[in-house]
Enquirer: 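Have a look at the structure that comes next, please.
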Amino acid sequence: MMQRLLSEFLNHEGVHHALVIDDRGLLLSSVGPKGTLPPVQRTVELTSAALDASMDCDFGDLHEVWIEGSETTIIDVLTPHRILMLHGDGGHAARWRHSIDRLRKQLATTPEF
């Protein structure tokens, strides 16, 4: 089920990888180009850095991270125990974000296997 949900993101222009990790940085599910590894370590490092910055500056809870440039990355904290990352190039990050909102409940409640 999680694979099917993540596959929907690949239909958006520029999305190359979609993955979900847990709060310990363990990969729960991913989709992307055949023969490539999902950027799990990058997801963990970016999320950790954003959490540290948020706590150090007393910004409150971290909900999402957007990184735009030659590559685009969106990290969304679906639940305190589930983190989604979309990674690619170009594309329209706002459309990616809209898709996350549309699938949020399903992504947050799909059982782990």
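What you are looking at is a predicted structure, and each value in this text was computed from that prediction instead of being measured.
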Enquirer: Does M55 share a hydrophobic cluster with L62, counting links as ILVMFWY side-chain heavy atoms below 4.5 Å and allowing steps through other members?
Expert: no
Enquirer: Minimum heavy-atom separation for G60 to S54, with atom names?
Expert: O-OG, 2.6 Å
Enquirer: Can you measure from OG1 (T110) to CD (Q3) and round to the nearest 0.5 angstrom?
Expert: 11.0 Å
Enquirer: Could you check L107 against L6 for side-chain contact (heavy atoms from CB on, under 4.5 Å), going step by step and ending with a plain yes or no?
Expert: CA-CA 8 Å; L107 289 164; L6 291 177; 4.2 Å; yes
Enquirer: Could you pull out the closest heavy-atom pair between V40 and G25, with the gap in Å?
Expert: CG1-O, 3.7 Å
Enquirer: Run H16 and T36 through side-chain contact (heavy atoms from CB on, under 4.5 Å) and show every step you take.
Expert: CA-CA 10 Å; H16 299 302; T36 63; over 6 Å; no
Enquirer: Can you check whether H17 reaches M85 side chain to side chain, under 4.5 Å on heavy atoms?
Expert: no
Enquirer: Can you tell me if W66 and E68 form a side-chain donor-acceptor pair at under 3.5 Å?
Expert: no
Enquirer: Look at the side chain of T72 and the backbone N and O of G88, then say whether any donor-acceptor pair between them is shorter than 3.5 Å.
Expert: no
Enquirer: Indicate if L5 and L10 have the same hydrophobic cluster label, given that clusters are the connected sets of ILVMFWY residues with side-chain heavy-atom separations under 4.5 angstrom.
Expert: yes
Enquirer: Compare all side-chain heavy atoms of D23 with those of H81 and state whether any distance is below 4.5 angstrom.
Expert: yes
Enquirer: Nearest 0.5 Å please: distance from the CG atom of L27 over to the CD atom of Q41.
Expert: 12.0 Å
Enquirer: Rounded at 0.5 Å granularity, tell me how far CG in L84 sits from CG in D76.
Expert: 6.0 Å
Enquirer: Passes side-chain contact (heavy atoms from CB on, under 4.5 Å), R42 versus T73? Steps please.
Expert: CA-CA 10 Å; R42 177 175 166 82; T73 301; 3.4 Å; yes
Enquirer: Distance check, rounded to the nearest 0.5 Å: R97 atom CZ versus E64 atom CD?
Expert: 4.0 Å
Enquirer: Check for me, please, whether L86 and I67 land in the same ILVMFWY cluster - side-chain distances under 4.5 Å, paths through other members count.
Expert: no
Enquirer: Do L46 and V65 come within less than 4.5 Å of each other through their side chains, counting heavy atoms only?
Expert: no
Enquirer: Take a 6.0 Å sphere around CZ of R95 and say whether it holds more than 12 heavy atoms from other residues, nucleotides or ligands.
Expert: no
Enquirer: Report yes or no: do V44 and L28 belong to one cluster of Ile/Leu/Val/Met/Phe/Trp/Tyr joined by side chain heavy-atom distances under 4.5 Å?
Expert: no
Enquirer: Under 4.5 Å between side-chain heavy atoms, counting indirect links through other Ile/Leu/Val/Met/Phe/Trp/Tyr residues: same cluster for W96 and I75 or not?
Expert: no
Enquirer: I need the D89 CG to E13 CD distance, nearest 0.5 Å.
Expert: 9.0 Å
Enquirer: Between T109 (side chain) and K105 (backbone), is there a donor-acceptor pair under 3.5 Å?
Expert: yes
Enquirer: Side chains of I74 and F9, heavy atoms from C-beta outward: is any pair under 4.5 Å?
Expert: no
Enquirer: Over all heavy atoms of both residues, which pair between A108 and T79 is shortest? Give the atoms and the distance, please.
Expert: CB-CG2, 3.5 Å
Enquirer: With rounding to the nearest 0.5 angstrom, report the CZ to CE distance, R82 to M2.
Expert: 4.0 Å
